[in-house]
Asker: 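Just dropping this structure here.
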Amino acid sequence: MEKKGEGVIERMSQIVSDPYYFLHFMAFFSYLPIRSTAAQYTSHRLLDREVQAFLAFLMFSAIKMVREETWEAFVADSLLYAKIFLIAVSLVMDYRVAIWFCVIFSVVYLLAQQPAFSKLGTAKKLTPMQLEDLLSDGTTTKYWLIEFYACSSSKCVRSSRCFPELSITYSNSLLSFGTIDLGLFPNTAAKFGISLAGGMSQLPTYILFEKGVEVSRFPDFYVDAAPSLPITKKLLCQHFELDRLLLDYINGS
């Protein structure tokens with residue numbers, strides 16, 4: 001219970017302090033004074049549309065809460081639904097108000113970016129030079145699972161919680177986890193066969209190395225092979241057979 005309480009407090013403080021969440025909060029809050037000053041439009045028709053939009057938003061959010069694995073993905077989808085419903089309700093009031101909110105949300109999109117999950121778990125944040133040293137050094141762990149990501153990629157932000165949580169569960173003396181930010185080191189992408197074209201659709205990319213040699217990756221090596229499914233802990237666990245590697249560690253293989 002204490003951990004859950006700390007998690008809620010942490011998220012609330014993030015909403016207040018982070019520009020992405022704060023600007024969205026101010027944008028949505030601005031609807032109230034606009035709504036109160038539009039006295040001539042406060043009809044039952046507008047109120048009915050507001051209630052319908054609010055109930056629809058709650059329904060879609062509840063569905064996403066069940067389906068989404070990470071808090072970041074849930075927030076991204078919920079904000080998208082809230083924007084759509086707010087603009088739709090604003091159209092009932094005045095099309096100019098709807099245009100105003102479209103402009104506001106466009107400015108927020110340009111000024112602020114949704115923050116990724118900040119914790120690393122037991123994973124190590126690496127530079128390309130450090131990764132090369134680890135892969136060439138025979139004294140390190142047998143397996144290295146590396147996440148190549150970029151903070152500017154929405155897919156990376158949505159799945160940013162999965163890799164740290166997997167590292168906590170599966171990290172041991174046989175398997176280590178590491179991350180490389182391709183936003184800081186874009187030239188590293190080509191070396192590992194990762195395409196940054198097409199809006200970084202191949203990111204995040206995960207590569208499993210055994211004794212310094214690549215043995216598996218997700219998505220596939222091909223440039224156009226972007227992951228079609230959302231990145232989840234279950235997907236990564238099955239693709240890289242992390243349960244088998246953990247059993248090998250337990251059995252001393």
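Residue indices begin at 1 and follow the sequence shown.
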Asker: Please walk me through it: do Thr70 and Cys162 pass side-chain contact (heavy atoms from CB on, under 4.5 Å)?
Answerer: CA-CA 7 Å; Thr70 67; Cys162 297; 3.7 Å; yes
Asker: Kindly compute the distance separating CG (Leu247) from CG (Leu174), expressed to the nearest 0.5 Å.
Answerer: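 So the CG of Leu247 and the CG of Leu174 are separated by 11.0 Å.
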Asker: Should Asp248 and Leu175 be marked as a side-chain contact (heavy atoms from CB on, under 4.5 Å) after you check the CA-CA gap, both sets of side-chain angles, and the distance that decides it?
Answerer: CA-CA 10 Å; Asp248 288 346; Leu175 172 64; over 6 Å; no
Asker: Between Leu196 and Pro186, which heavy-atom pair has the shortest distance, and what is it?
Answerer: CD1-O, 3.9 Å
Asker: Are any of the side-chain heavy atoms of Leu236 and Leu145 separated by less than 4.5 Å?
Answerer: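 When only atoms from C-beta onward are counted, Leu145 and Leu236 do not touch, as no gap falls below 4.5 Å.
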Asker: I'd like to check the ring-ring contact (aromatic ring centres under 6.0 Å, His included) partners of Phe240; sequence neighbours left out, ordered by chain and number.
Answerer: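 Phe240 satisfies ring-ring contact (aromatic ring centres under 6.0 Å, His included) with no residue once adjacent residues are dropped.
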Asker: First locate atom OG of Ser154, then atom CE of Met200, and finally report the distance between them rounded to the nearest 0.5 Å.
Answerer: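 Answer rounded to 0.5 Å: 11.0 Å.
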Asker: Show the nearest heavy-atom pair for residues Met93 and Arg35, with the distance to one decimal.
Answerer: CE-CD, 3.8 Å
Asker: Test Arg158 against Asp77 for side-chain contact (heavy atoms from CB on, under 4.5 Å), laying out the working first.
Answerer: CA-CA 10 Å; Arg158 292 172 67 93; Asp77 290 335; 3.0 Å; yes
Asker: When rounded to the nearest 0.5 angstrom, what distance separates CD in Glu165 from OG in Ser167?
Answerer: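 Result: 9.0 Å between the selected atoms.
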Asker: Let me know which of Phe163, Trp144, Tyr143 forms a ring pair (Phe, Tyr, Trp, His ring centres under 6.0 Å) with Phe177.
Answerer: Phe163
Asker: With distance as the sole test, does Gln202 use its side chain to make a donor-acceptor pair with the main-chain N or O of Ile194 at under 3.5 Å?
Answerer: no
Asker: With sequence neighbours left out, which residue pairs that include part of residues 180-192 fulfil the side chain to side chain donor-acceptor pair (under 3.5 Å) condition?
Answerer: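 Of all non-adjacent pairs touching residues 180-192, those that pass side chain to side chain donor-acceptor pair (under 3.5 Å) are Glu132-Lys191.
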Asker: Do Leu166 and Val157 sit in one hydrophobic cluster, given that two such residues count as connected whenever their side-chain heavy atoms are within less than 4.5 Å of each other, even indirectly?
Answerer: no
Asker: Measuring from Phe101:CZ to Ile84:CD1, what's the distance to the nearest 0.5 Å?
Answerer: 15.0 Å
Asker: Going hydrophobic residue to hydrophobic residue with side-chain gaps under 4.5 angstrom, can you get from Leu208 over to Tyr149?
Answerer: no
Asker: Would you confirm whether Ser90, through its side chain, and Ala98, through its main-chain N or O, come within 3.5 Å as a donor-acceptor pair?
Answerer: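 Not at all, since once roles are kept as given, no pair shorter than 3.5 Å links the two residues.
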Asker: Determine whether Asp243 and Tyr170 satisfy the following criterion, side-chain contact (heavy atoms from CB on, under 4.5 Å), listing intermediate values before the conclusion.
Answerer: CA-CA 8 Å; Asp243 288 326; Tyr170 292 99; 2.7 Å; yes
Asker: For the CZ atom on Arg244, are there more than 12 heavy atoms of other groups (residues, nucleotides or ligands in this structure) within a distance under 6.0 Å?
Answerer: yes
Asker: Would you be so kind as to tabulate the donor-acceptor pairs closer than 3.5 Å made by side chains of residues 102-115, with sequence neighbours excluded?
Answerer:
| residue | atom | partner | partner atom | Å |
| --- | --- | --- | --- | --- |
| Ser106 | OG | Cys102 | O | 2.8 |
| Gln113 | NE2 | Cys151 | O | 2.1 |
| Gln114 | NE2 | Glu72 | O | 2.9 |

Asker: I need the single residue from Glu147, His239, Arg217 that forms a side chain to side chain donor-acceptor pair (under 3.5 Å) with Tyr206. Which is it?
Answerer: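 Option passing the side chain to side chain donor-acceptor pair (under 3.5 Å) with Tyr206: Glu147.
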Asker: Do Leu120 and Ile146 sit in the same hydrophobic cluster, where Ile, Leu, Val, Met, Phe, Trp and Tyr count as joined when their side-chain heavy atoms come under 4.5 Å apart?
Answerer: no
Asker: What I'd like to find out is whether the side chain of Ile34 reaches to under 4.5 Å of the side chain of Trp100, using heavy atoms alone.
Answerer: yes
Asker: Measure the spacing between OG of Ser78 and NZ of Lys64 and express it to the nearest 0.5 Å.
Answerer: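 Separation between the atoms: 9.0 Å.
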Asker: Only pairs under 3.5 Å count here: list side-chain donor-acceptor contacts from residues 24-33, not counting sequence neighbours, and write none if there are none.
Answerer:
| residue | atom | partner | partner atom | Å |
| --- | --- | --- | --- | --- |
| His24 | ND1 | Tyr20 | O | 2.8 |
| His24 | NE2 | Lys83 | NZ | 3.0 |
| Ser30 | OG | Ala27 | O | 2.5 |
| Tyr31 | OH | Glu50 | OE2 | 2.4 |

Asker: When Ile, Leu, Val, Met, Phe, Trp and Tyr are grouped by side-chain heavy atoms lying under 4.5 Å apart, directly or through other members, which residues fall in the same group as Tyr81?
Answerer: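 Tyr81 shares its hydrophobic cluster with Phe54, Phe57, Leu58, Met59, Phe60, Ile63, Phe85.
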Asker: Mark yes or no for whether Ser171, through its side chain, and Ile168, through its backbone, hold a donor-acceptor pair below 3.5 Å.
Answerer: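 The answer is no, because no donor-acceptor pair under 3.5 Å joins these two groups.
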Asker: Can you see which heavy atom on Ala123 is nearest to which on Thr179, and at what distance?
Answerer: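 Scanning both residues, the minimum pair turns out to be CB-CG2, 4.4 Å.
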Asker: Decide whether Leu235 and Val215 are clustered together by the hydrophobic rule: side chain heavy atoms of Ile, Leu, Val, Met, Phe, Trp, Tyr closer than 4.5 Å, transitively.
Answerer: yes
Asker: State, with a plain yes or no, whether a side-chain heavy atom of Lys233 is found less than 4.5 Å away from one of Thr169.
Answerer: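 No - every pair of side-chain heavy atoms lies 4.5 Å or more apart.
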Asker: Test question: given the 4.5 Å side-chain rule for I, L, V, M, F, W and Y, name all other residues clustered with Val66, or answer none.
Answerer: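 When side chains under 4.5 Å apart are linked, Val66 ends up in no cluster with other residues.
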Asker: Does the side chain of Val89 come within less than 4.5 Å of Leu46's, by heavy atoms?
Answerer: yes
Asker: Could you give the distance from CZ (Phe192) to CG (Leu182), rounded to the nearest 0.5 Å?
Answerer: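 Here the rounded value is 9.5 Å.
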